[in-house]
Amino acid sequence: MTKDVLVRVKGVQTDMFESDKIELVTTGSYVEKNNKVYITYIDSTIDGDKETKTTIKHEKDQISILRFGGVNSHMVFEKDKTHITHYQTPYGIFEINTHTKKINVDQEEDFMEINVSYNLSINHMSMGVNTFTITVKNAKSDRVVLMDDKNVEIENEELS
């Protein structure tokens, strides 16, 4: 069964000197199939020129992020393992190495939260430690709370 969901992605990239943060809140879909969870949503490049379809797959102790469109990649996260992939952007192709330090998945009936912490290298150069949190909530529940600094609530509204 497919559910309409609200997806919030928060990421932090930290190196020796600074931290960069990103955040995206959008709508998407949630599907459970063959003991796997698939979360799909669309985002766009910084200039808004091209859309990217992103699919997050959760199975057992592994998170995969597949992106196709403005950016193409297939990143895999497994605790204490290193994975190598190619990250294709309009500016070129980069080799990405990820070594996952932590994965935590909290899943309930109308809520799912994924937390991942990993070391990132691009073209064999260390880029520091990255973390991301993906929060997924059923968009059709009676009460949807978008968790942000202001804790905005939307009650009894069906989002489409």
Side-chain angles (χ1 to χ4, degrees), residues 2-34 36-107 111-139 146-149 159-160:
T2 301
K3 296 180 187 177
D4 293 329
V5 292
L6 291 175
V7 180
R8 180 180 186 198
V9 180
K10 290 179 73 172
V12 178
Q13 182 176 353
T14 305
D15 63 21
M16 292 177 16
F17 306 107
E18 64 185 4
S19 291
D20 290 323
K21 297 178 182 180
I22 63 154
E23 184 170 353
L24 168 73
V25 178
T26 189
T27 57
S29 65
Y30 172 102
V31 176
E32 286 187 54
K33 185 176 181 181
N34 300 326
K36 298 176 184 108
V37 172
Y38 299 89
I39 302 154
T40 303
Y41 62 89
I42 303 291
D43 63 33
S44 59
T45 57
I46 292 172
D47 60 9
D49 188 34
K50 291 189 177 182
E51 290 186 339
T52 300
K53 180 179 180 179
T54 301
T55 300
I56 300 159
K57 180 173 76 170
H58 170 243
E59 60 178 316
K60 296 183 184 178
D61 297 325
Q62 179 178 310
I63 303 294
S64 299
I65 301 177
L66 296 93
R67 303 186 79 208
F68 298 99
V71 172
N72 297 303
S73 67
H74 180 187
M75 298 174 76
V76 179
F77 302 93
E78 291 181 276
K79 187 175 179 5
D80 297 324
K81 292 190 178 180
T82 299
H83 289 275
I84 300 170
T85 190
H86 291 92
Y87 197 83
Q88 182 180 356
T89 72
Y91 309 105
I93 298 174
F94 304 97
E95 182 180 280
I96 303 285
N97 293 352
T98 58
H99 180 80
T100 306
K101 297 171 16 177
K102 179 187 99 171
I103 291 181
N104 185 47
V105 178
D106 179 20
Q107 188 170 2
F111 173 85
M112 181 176 194
E113 185 171 272
I114 300 168
N115 290 286
V116 175
S117 176
Y118 62 99
N119 293 327
L120 175 69
S121 296
I122 300 176
N123 292 334
H124 306 287
M125 188 164 78
S126 176
M127 301 304 285
V129 177
N130 286 11
T131 60
F132 64 81
T133 300
I134 301 167
T135 306
V136 181
K137 295 183 179 191
N138 187 346
L146 298 177
M147 298 182 309
D148 64 9
D149 296 335
L159 302 175
S160 55

- Would you name the heavy atoms of Pro90 and Gly70 that are closest together and state the gap between them? CD-O, 3.3 Å

Return the [atom1] to [atom2] distance between [X] and [Y], rounded to the nearest 0.5 Å.
X: Glu113; Y: Ile134; atom1: CD; atom2: CD1; answer: 10.0 Å
X: Phe68; Y: His74; atom1: CZ; atom2: NE2; answer: 7.5 Å
X: Ile63; Y: Glu78; atom1: CD1; atom2: CD; answer: 10.0 Å
X: Thr98; Y: Phe77; atom1: OG1; atom2: CZ; answer: 5.0 Å
X: Tyr38; Y: Thr55; atom1: OH; atom2: OG1; answer: 9.5 Å
X: Gln13; Y: Thr131; atom1: CD; atom2: OG1; answer: 10.0 Å

With a 4.5 Å cut-off on side-chain heavy atoms, are [Y] and [X] touching?
X: Tyr30; Y: Val7; result: no
X: Ile96; Y: Leu120; result: yes
X: Val5; Y: Met112; result: no
X: Val9; Y: Tyr41; result: yes
X: Gln62; Y: His83; result: no
X: Ile65; Y: Ser73; result: no

- Using 4.0 Å as the upper bound for N to carboxylate O, is an ion pair formed by Lys57 and Glu59?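 A salt bridge links Glu59 with Lys57.
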
- Item | Identified side chain to side chain donor-acceptor pair (under 3.5 Å) counterpart of His99 within the set Asp80, Thr82, Asn119 | Thr82

- salt bridge (Lys or Arg N to Asp or Glu O under 4.0 Å) contacts touching residues 125-135 (sequence neighbours left out): none

- Message: Considering only residues two or more places apart or on different chains, which pairs with a residue in residues 84-96 satisfy salt bridge (Lys or Arg N to Asp or Glu O under 4.0 Å)?
- Response: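 Found none.
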
- Query: side-chain contact (heavy atoms from CB on, under 4.5 Å) between Thr27 and Asp4: does it pass, once the steps are laid out?
  - Reply: CA-CA 7 Å; Thr27 57; Asp4 293 329; over 6 Å; no

- Query: Judged by modelled atom types alone, do Ser19 and Thr14 share a side-chain donor-acceptor pair under 3.5 Å?
  - Reply: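 Side-chain D/A pair, Ser19 to Thr14: present.
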
- Query: Does a sphere of radius 6.0 Å around NZ in Lys36 hold more than 12 heavy atoms from other residues, nucleotides or ligands, not counting ones at 6.0 Å or beyond?
  - Reply: yes

- Message: Taking CG in Asp61 as the centre, count heavy atoms belonging to other residues, nucleotides or ligands within less than 6.0 Å. Is the count above 12?
- Response: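 Open: at most 12 neighbouring heavy atoms sit under 6.0 Å from CG of Asp61.
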
- Is a side-chain donor or acceptor of Thr52 paired with a backbone partner of Val71 at a separation under 3.5 angstrom? yes

- Using atom types as modelled and distance alone, determine if a side-chain donor or acceptor of Thr85 lies under 3.5 Å from a backbone N or O of Met75.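 No: the side chain of Thr85 does not pair with the backbone of Met75.
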
- Message: Pair Phe132, Ile22 - check side-chain contact (heavy atoms from CB on, under 4.5 Å), show working.
- Response: CA-CA 9 Å; Phe132 64 81; Ile22 63 154; over 6 Å; no

